[in-house]
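As the structure is a computational prediction, the values presented were derived from the model and not from experiment.
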Amino acid sequence: MENTVKKVGSWLFLIGVLMALLVGFVFGLGQPLNFDVSTWTNPVSILLAVLGFVVGVFSFFALGAITQEKVPTFLIASLILVALAVIPTTMTIYYFQGLAPVFSNITKYLAIFVAPAALLLIIRVLWDATQVKQLLQTK
């Protein structure tokens with residue numbers, strides 16, 4: 001049973017990453033080509049955030065793609081990804097300004113997907129780092 005749940009968590013993570021990459025790429029290409037993707041921005045963002053939260057819940061209970069050993073690496077990568085999502089990409093990709101919307105949207109949607117999972121894992125790491133768990137077990 002636990003192995004099946006771990007597979008579900010891993011598949012949800014993979015689906016979320018692929019969906020964020022695909023949406024970011026399509027929405028990024030839509031901007032230079034003057035496609036109106038604004039009606040899809042909020043529903044896709046909400047879907048990715050909810051999917052990221054579900055992945056975070058699986059990982060919080062050590063049932064997902066992010067194992068206990070991989071948590072520090074995941075949190076560092078999440079921090080870098082969120083930082084990349086908020087910096088102005090026109091400065092980052094000065095010589096390839098046509099790619100700036102694609103890069104910006106890919107990092108934005110990956111950050112939307114990863115942020116809820118990272119938040120839950122930060123809570124888990126803080127919980128594990130404190131002695132509160134041991135105090136509750138002794139009572």
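The two residues Ala49 and Pro116 make their nearest non-hydrogen contact at O-CG, 3.4 Å. In terms of heavy atoms, Ala111 sits closest to Ala85 at CB-CB, 3.8 Å.
Taken to the nearest 0.5 Å, the CD1 atom of Ile66 stands 8.0 Å off from the CG atom of Leu75. Between atom CG of residue Leu79 and atom CG of residue Leu84 there is a gap of 9.5 Å, rounded to the nearest 0.5 Å. Between the OG1 atom in Thr107 and the CD1 atom in Ile80 there is a gap of 13.0 Å [rounded to 0.5 Å].
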- What's the verdict on side chain to side chain contact (heavy atoms under 4.5 Å, CB included) for Leu22 and Tyr109, showing C-alpha distance, side-chain angles and the deciding distance? CA-CA 9 Å; Leu22 180 67; Tyr109 287 107; over 6 Å; no

- Message: Is there a side chain to side chain contact (heavy atoms under 4.5 Å, CB included) between Val17 and Leu110? Walk through the geometry before answering.
- Response: CA-CA 7 Å; Val17 168; Leu110 278 172; 4.3 Å; yes

- Query: Could you walk me through whether Met19 and Leu47 pass the side chain to side chain contact (heavy atoms under 4.5 Å, CB included) check?
  - Reply: CA-CA 10 Å; Met19 185 176 159; Leu47 180 65; 2.9 Å; yes

- Query: Between Leu81 and Phe113, does a side chain to side chain contact (heavy atoms under 4.5 Å, CB included) hold up when you go through it step by step?
  - Reply: CA-CA 11 Å; Leu81 185 61; Phe113 170 67; over 6 Å; no

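Taken together through direct or relayed side-chain contacts under 4.5 Å among Ile, Leu, Val, Met, Phe, Trp and Tyr, Trp40 and Ile106 form part of one hydrophobic cluster. Two different hydrophobic clusters hold Ile112 and Leu14 under the rule that ILVMFWY side chains link at heavy-atom gaps under 4.5 Å. Linking Ile, Leu, Val, Met, Phe, Trp and Tyr whenever their side-chain heavy atoms come within less than 4.5 Å puts Val44 and Leu29 in one cluster. Residues Val5 and Val71 share a hydrophobic cluster, clusters being chains of Ile/Leu/Val/Met/Phe/Trp/Tyr side chains in contact below 4.5 Å. A continuous path of ILVMFWY side-chain contacts below 4.5 Å connects Leu126 to Val57, so both sit in one hydrophobic cluster.
The shortest side-chain heavy-atom distance between Val102 and Phe27 does not fall under the 4.5 Å cut-off. Counting heavy atoms from C-beta on, the side chains of Lys108 and Val86 never come closer than 4.5 Å.
Of the listed residues (Leu120, Leu12, Leu121, Val54), just one forms a side chain to side chain contact (heavy atoms under 4.5 Å, CB included) with Ser59, and that residue is Leu121.
Ring centroid separation for the pair Phe13 and Phe58 does not come in under the 6.0 Å cut-off.
In this structure, Phe74 places its CZ atom where more than 12 heavy-atom neighbours from other residues, nucleotides or ligands lie under 6.0 Å away. Counting heavy-atom neighbours within 6.0 Å of Phe53 CZ, excluding the residue itself, gives a total of 12 or less.
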